[in-house]
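The next block holds one structure in the form of structure tokens; read it before the comments.
Chain A is the first sequence line, chain B the second, and so forth, proteins listed ahead of strands; every chain is numbered from 1.
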There are 2 protein chains.
Amino acid sequence: MTRQPTIKDVATKAEVSFKTVSRVLNGEPHVREEVRDRVLAAAAALNYRPNIAARGLIGGQSRLIGFLYDNPNYSYVTEAEIGALLRCKQSGYHLAIEPVDSQGDVGGQIEQILASLRLDGVILTPPISDDPAALAALDRLGVRHVRIAPHADRDLSPCVFIDDDEAAFAMTRSLLDLGHRTIGFVLGHPDHGASPQRLAGFRRAMREQGLSPDANHLIQGYFTFESGMEAGLRLLTLPHRPTAIFAANDKMALGVMAAARDLGLTIPGDVSIAGFDDTHAAQMGWPSLTTVHQPVEDMCAAAAGMLISLAAGEPLREAARKLDFQIMPRASTARI
Amino acid sequence: MTRQPTIKDVATKAEVSFKTVSRVLNGEPHVREEVRDRVLAAAAALNYRPNIAARGLIGGQSRLIGFLYDNPNYSYVTEAEIGALLRCKQSGYHLAIEPVDSQGDVGGQIEQILASLRLDGVILTPPISDDPAALAALDRLGVRHVRIAPHADRDLSPCVFIDDDEAAFAMTRSLLDLGHRTIGFVLGHPDHGASPQRLAGFRRAMREQGLSPDANHLIQGYFTFESGMEAGLRLLTLPHRPTAIFAANDKMALGVMAAARDLGLTIPGDVSIAGFDDTHAAQMGWPSLTTVHQPVEDMCAAAAGMLISLAAGEPLREAARKLDFQIMPRASTARI
DNA sequence: TTTGAATCTGACAACGTTATCTGGATCGCA
DNA sequence: TGCGATCCAGATAACGTTGTCAGATTCAAA
């Protein structure tokens, strides 16, 4: 493994000063065409690659964006990552994935990440997007960040989100429109800002129909398949069984499905089931899951785009970007 | 956003030369305890963080490992990424995720990635782990790499793999042990090195039992849900329908399941279905999928570990690491 | 020619760190 | 008290790039 050629090697070969090489490579003016060609030929011949560390030392830019998340087994995260990734690639940026344990010392973890990695910006996914310690640490270190789906203090820093309340309202409405009146709801993880909003939307739609759900029909979940299964089991063994169950995310909805099947109930014959997020699993399961499509990929692409603009010194057009959700009626819900 | 404190700021505050600060921070000897304490106090007070670019300029280390993959919607990749990520975190390394289009100019894409990012090493996931252009580009640029599950030229560069042939053999055996004799097989993507090996294992087990599968019972798939569904449809509408179907990955197995249900067949009553990989979806679907557990997470963790060792200048204990697979009998297969 | 402006090119400093070398202090021992 | 040996700390030079400034060349107009 020989030494990487430097700008000086190229200069020697092209018989110019190394500064001229730098000029050519950065497309600066005031270089004769003949010289430019000679330099480019030399650079190509030596297979020269600029040293990113040296460049970063001057400008302070790393072209690297951080993607902070908790919960490794969250299919939401995969989609989010892809969105950010593709947007980064488009602009020649790169993405460093950084797991963070939101139960631990979030501020310390972020400090550690930024100590060994100079990032041009950071994308925060839930639940970190609502973690005060994370925001404080980033502010202190002066690192730009965009939050995905935050629910507290949306004006604190740039963010991208959907209206969770409105989305849950719409999904509940569509269940009501199918004739369901006894609807169970599986709440999301209490640490996630989206959870209370989705519950609020559900409640609002019920109330608007003159229904006030029994406390038994609201079950606390934790966004996991298992918690969904447990919730489903409890809901579906109630004396006054709901005819539809709306889970605050897809994973829990799949859990509810599994519980229903374990109890010998057919879907959607005996019970309709709806989820939230529209992860890939929603389409691949059977029956396919009626759910709220949250444009996670687009949201993260937008977030990456915002950070790239900021890094380029451009001002942000809007500090908070609201994207549209979409109700995806599939096979897991039916008219009663 | 104030300027980050430099080593010189710390030196000024601690009233020593900046070199002494460097010594303290790097744990070098020959510093009086009193001076050391003063320096550490000053560094803490200023909340000093070393500049990674400057450090990288000298030593040439970035503490950044690249993770190259194709196919964004591949749940295999998610798991692989997590394995690499956790191992990196453990040693203070970071992971940059880099999608590569293996249909395009792979060499060029890799050159581009390494032009703007100095990586201490690269992990190659299938199918890139078998891409000659990728290997050539990395060799030319002198970048260390570890290949995950390669199937050609295992001695070319360090790699981590399982014995796909043996695993497919074992799964086929377990189907035979359940009494199945007419077994359909859905082949993997032709570009993936694992595909022919899994087919070979399947064939070997059948042959050993004195069975030679009908050509109609071998269907080409592409590792996607849709291709699995299509294959399932073809297999299950044959006059002499197989009683079991073994798909070369989980996604296709789920597709076969969907096809079976569309045809009104019960699983595993009418047909047993087995997959390969043991992705999360395998457990969350219904019925849960019998499959081959490939320790993808462990494999990538091992790969990251190898690169970290190499970056630290340690020699590799073994250039090729073979990990064990495991047959996971679940609810989608039954005795005939 | 001479002048002035425009264009091109190079010398040098700077970025923040680590590595090398050198000088001064301290200490043990004769 | 003298004198190596050892320990400590600072000066200075890298690393590979970009930014600043000044010098050199070209060219057109006077």
**OP:** Please state whether the base of D:dG19 and the side chain of A:Arg23 form at least one donor-acceptor pair under 3.5 Å?
**Re:** no
Original post:
NZ of B:Lys19 versus P of D:dA11: gap in Å, rounded?
Top reply: 13 Å
Original post:
Is the closest basic N to carboxylate O distance between B:Arg49 and A:Glu111 below 4.0 Å?
Top reply: yes
**OP:** Send over the distance from A:Leu25 CG to D:dG16 P, rounded to a whole Å.
**Re:** 15 Å
Subject >> Distance in angstrom units between B:Asp37 CG and D:dA9 C1', rounded >> reply: 16 Å
Original post:
A:Ile148 versus A:Leu124: any side-chain heavy-atom pair under 4.5 Å?
Top reply: no
**OP:** Name the residue closer to the 5' end of DNA chain D, choosing between B:Val35 and B:Ile58 according to the nucleotide with the nearest heavy atom.
**Re:** B:Val35
Subject >> C:dT18 OP1/OP2 closer than 4.0 Å to side-chain N/O of B:Ser22 >> reply: yes
Subject >> Closest-nucleotide 5' rank along DNA chain C - winner of A:His30 and A:Phe18 >> reply: A:His30
Original post:
Would you call B:Arg321 and B:Glu318 a salt bridge, using N to O less than 4.0 angstrom?
Top reply: yes
Original post:
Backbone N or O of A:Ala54 within a donor-acceptor pair of the A:Asn51 side chain at under 3.5 Å?
Top reply: yes
**OP:** Would you kindly check if the NZ (Lys) or CZ (Arg) of B:Arg154 is within the cone defined by 45 degrees around the ring axis of B:Phe161 and under 6.0 Å from the six-membered ring centre?
**Re:** yes
Original post:
Taking atom CD of B:Glu28 as the centre, does the number of heavy atoms from other residues, nucleotides or ligands within less than 6.0 Å exceed 12?
Top reply: yes
Original post:
Within this structure, what is the NZ-to-C1' distance between A:Lys8 and C:dA11, rounded to whole angstrom?
Top reply: 12 Å
Subject >> Short side-chain N/O contact from A:Ser17 to OP1 or OP2 of C:dT9, under 4.0 Å >> reply: no
Subject >> B:Thr20 vs D:dG10: side-chain N/O to OP1/OP2 distance below 4.0 Å >> reply: yes
Subject >> B:Asp131 and B:Ser102 side chains, donor-acceptor separation under 3.5 Å >> reply: no
Original post:
Rounding to a whole Å, what distance do you find between B:Glu28:CD and C:dT18:C1'?
Top reply: 8 Å
Original post:
Nearest-Å distance, CD (B:Glu33) to P (C:dT26)?
Top reply: 18 Å
Subject >> Atom pair distance, as rounded to whole Å: CG in A:Leu57 and P in D:dT17 >> reply: 12 Å
**OP:** Figure out the CD/P separation between A:Glu15 and C:dC8, and round it to whole Å.
**Re:** 20 Å
**OP:** Please state whether the phosphate of C:dT9, meaning OP1 or OP2, lies under 4.0 angstrom from any side-chain nitrogen or oxygen of A:Arg32.
**Re:** yes
**OP:** Go through residues 42-56 of chain B and report each residue with a non-hydrogen atom lying under 4.0 Å from DNA chain C, sorted by number.
**Re:** B:Tyr48, B:Arg49, B:Pro50, B:Asn51, B:Ala54, B:Arg55
